[in-house]
Amino acid sequence: FFFQAEDGIRDTSVTGVQTCALPISKAGPTPTVAGTTISYVLTLTNAGPGSAGGATFSDAAPTGLTGVSAVCQNAAGGVSGCVATVSGTNVITGTVGTFPSGGSVQVLITGTVPAAATGTLSNQATVSPPSGLTDPTPGNNTSATVTTTLTRTSDLAVDASAPAAVGSSGGLTYTVLVWNNGPSVTSAASVPVTLPAGFTVTGLTCTPTGTATCGTQSFTASSVNIITGTLTVDTTPANTTPDGTFVTYTLTGTAPVGGSLSLSAGVTAPGGVTDNDTSNNTSAAVTRVIDAVNDATVTLAAGAGGTVSVLGNDTVGGTTATTTNSTVTISNNGGITGLTVNASSQLVVPTTTPPGTYTVTYTLCDRNVTTACDAATAGVSVSAASPNLAVSVSGPANARPSTVASTNPPVAATDSFITYTLTVSATVASATGTTTVITTLPSGLSWSGSSAAGPGTWTRSEEHTSELQSPMYLVCRLLLEKK
């Protein structure tokens, strides 16, 4: 521009320079959590006196941020035409098309902090006047540095599982899953495990899934010690179970004889990490132990049959076994043909079972987990029958004496023998054992000849050695001796 001197002579030797003051400020969080979104706000102001249309700004986002975006907002004082773009290297640049004196505009920059980031983030922004304009105070064209301290917060979770039931002293495997719902990556979390009483540890292994890593684990027969490796954020943190990134601990061992087993597992964040949800930091698994106990021998009468109860001293999960929580099957009938199990889980001994002592092996299983079983024995004694015997004797009313004085043959042809018939009856239909028939000869008679019996079989001593049936006849031939 030109000005007129007092003497009226036009002076063109002095040219005016247009100026505008463009301060810029930047705001951001002091601390922020790794794995979360961070936001910065740039505020550009034209303090005049000239218009600054075409002013430019620039901001290099902190290294590592992902998903960076920038948008102009809150334009005031006639400001318009603000445009912001983000390059592939996360450098935000932009211009303000119309920027009158007294106007202002903000630029909102957002991005996600890496879940594994540590330390601090530092950032500042700059603004430059358009070509042909001068900022008389260029010192405020660069914002103060915003320094953000990174903290870590993780939602650690654990899930313990085991079979619902196991046989007495059987092998038992527990599975413990540990995962991280984020937002921050966590390492060296501790996994305390409380073992059930009587459980003996025989092995402990770790299997990583996704980008999670195993740390260190060790065990003794009665304890385990687990420290995780790196727990990166699970694929879908909103899920209540892990689906992509987790570690699996497999704990093997031997169950005790009986009872109800409860294993509890937990997960604890390491120092410097805040767990923002502790409701999923513990988990428990309960297992019923199936315990079948050998039963005392039960005596049944021959031919009567009967039932033998076996559940009275058996347990399922520490409580008495019943038909509701268990099943009974016969694994070895011990020689009892036709042995069955009734609806009350009793052994049913047939009436045809011969006398003797038998050892039956049965299997007790959990009703819901049919592979969780234990075996025990039950003794069955079938007693021998005691027959109710009766005997009668019949013979001739008259007999002729011998003509020979000796009681030993030769015997005269005219001599006759007396035949007595002893009839033995048994009121029990079937019995085994030895039956002895004793008879006293009348005075003057001597035994002669042999014995015969029917329909049973007798020995020469007249002892019954096979099954006695009714009726049974014993025929004795007796020689009448002359005195």
Side-chain angles (χ1 to χ4, degrees), residues 18-153 182-184 274:
Q18 187 174 3
T19 63
C20 59
L22 296 176
I24 184 173
S25 64
K26 182 172 185 177
T30 300
T32 197
V33 177
T36 63
T37 298
I38 188 171
S39 296
Y40 297 100
V41 176
L42 309 182
T43 301
L44 288 68
T45 303
N46 184 358
S51 176
T56 61
F57 57 88
S58 177
D59 187 349
T63 302
L65 293 191
T66 59
V68 177
S69 64
V71 62
C72 296
Q73 64 180 18
N74 300 328
V79 173
S80 64
C82 178
V83 178
T85 60
V86 181
S87 73
T89 57
N90 287 343
V91 176
I92 299 96
T93 58
T95 61
V96 183
T98 302
F99 203 173
S101 177
S104 65
V105 67
Q106 291 181 336
V107 180
L108 174 65
I109 301 171
T110 60
T112 301
V113 181
T118 59
T120 60
L121 300 177
S122 297
N123 187 241
Q124 60 182 180
T126 61
V127 63
S128 300
S131 177
L133 293 182
T134 300
D135 190 329
T137 55
N140 57 11
N141 291 162
T142 299
S143 70
T145 299
V146 175
T147 300
T148 302
T149 301
L150 297 179
T151 61
R152 289 198 177 192
T153 296
S184 305
T274 300

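Positions are given from 1, in the same order as the sequence printed here.
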Answer whether the closest heavy-atom distance between the side chains of [X] and [Y] falls below 4.5 Å.
X	Y	answer
L65	T112	no
S58	V91	yes
Y40	L121	yes

Drop me the distance from [X]'s [atom1] to [Y]'s [atom2], to the nearest 0.5 angstrom.
X	Y	atom1	atom2	result
S25	L42	OG	CG	8.0 Å
T43	F57	OG1	CZ	11.5 Å
N46	S51	CG	OG	6.5 Å

Show me the donor-acceptor pairs within less than 3.5 Å that the side chains of residues 67-85 make with the rest of the protein, sequence neighbours left out.
{"residue": "S69", "atom": "OG", "partner": "T110", "partner atom": "OG1", "Å": "2.7"}
{"residue": "Q73", "atom": "NE2", "partner": "Q106", "partner atom": "OE1", "Å": "3.3"}
{"residue": "N74", "atom": "ND2", "partner": "Q106", "partner atom": "OE1", "Å": "2.6"}
{"residue": "S80", "atom": "OG", "partner": "T98", "partner atom": "OG1", "Å": "3.4"}
{"residue": "T85", "atom": "OG1", "partner": "T93", "partner atom": "O", "Å": "3.4"}
{"residue": "T85", "atom": "OG1", "partner": "T93", "partner atom": "OG1", "Å": "3.3"}

Subject >> T126 backbone acceptor or donor facing N141 side chain under 3.5 Å >> reply: no
Subject >> Partner set under side-chain hydrogen bond (donor to acceptor under 3.5 Å, both in side chains) for T89, not counting sequence neighbours >> reply: S87
Shortest non-hydrogen separation from [X] to [Y] and the atoms involved:
X	Y	result
S101	P49	CB-O, 3.5 Å
A115	A34	O-CB, 3.6 Å
L22	F99	CD2-CE1, 4.0 Å
P62	S122	CG-O, 4.3 Å

Original post:
Restricting to pairs with a member in residues 120-141, which pass salt bridge (charged side-chain N to carboxylate O under 4.0 Å, His left out), not counting sequence neighbours?
Top reply: none
Subject >> Pairs where residues 49-73 contributes a residue and the test salt bridge (charged side-chain N to carboxylate O under 4.0 Å, His left out) is met, not counting sequence neighbours >> reply: K26-D59
Original post:
Passes side-chain contact (heavy atoms from CB on, under 4.5 Å), V107 versus V41? Steps please.
Top reply: CA-CA 6 Å; V107 180; V41 176; over 6 Å; no
Please table the atom pairs, donor to acceptor, closer than 3.5 Å between any side-chain atom in residues 143-152 and protein atoms at least two apart or in another chain.
{"residue": "S143", "atom": "OG", "partner": "A125", "partner atom": "N", "Å": "2.9"}
{"residue": "S143", "atom": "OG", "partner": "A125", "partner atom": "O", "Å": "3.4"}
{"residue": "T145", "atom": "OG1", "partner": "Q124", "partner atom": "NE2", "Å": "3.2"}
{"residue": "T148", "atom": "OG1", "partner": "P29", "partner atom": "O", "Å": "2.5"}
{"residue": "T151", "atom": "OG1", "partner": "T32", "partner atom": "O", "Å": "3.4"}
{"residue": "R152", "atom": "NH1", "partner": "V185", "partner atom": "O", "Å": "2.8"}
{"residue": "R152", "atom": "NH2", "partner": "A116", "partner atom": "O", "Å": "2.7"}

Original post:
Excluding sequence neighbours, so at least two apart, what forms side-chain contact (heavy atoms from CB on, under 4.5 Å) with P183?
Top reply: V33, T36, T153, N276
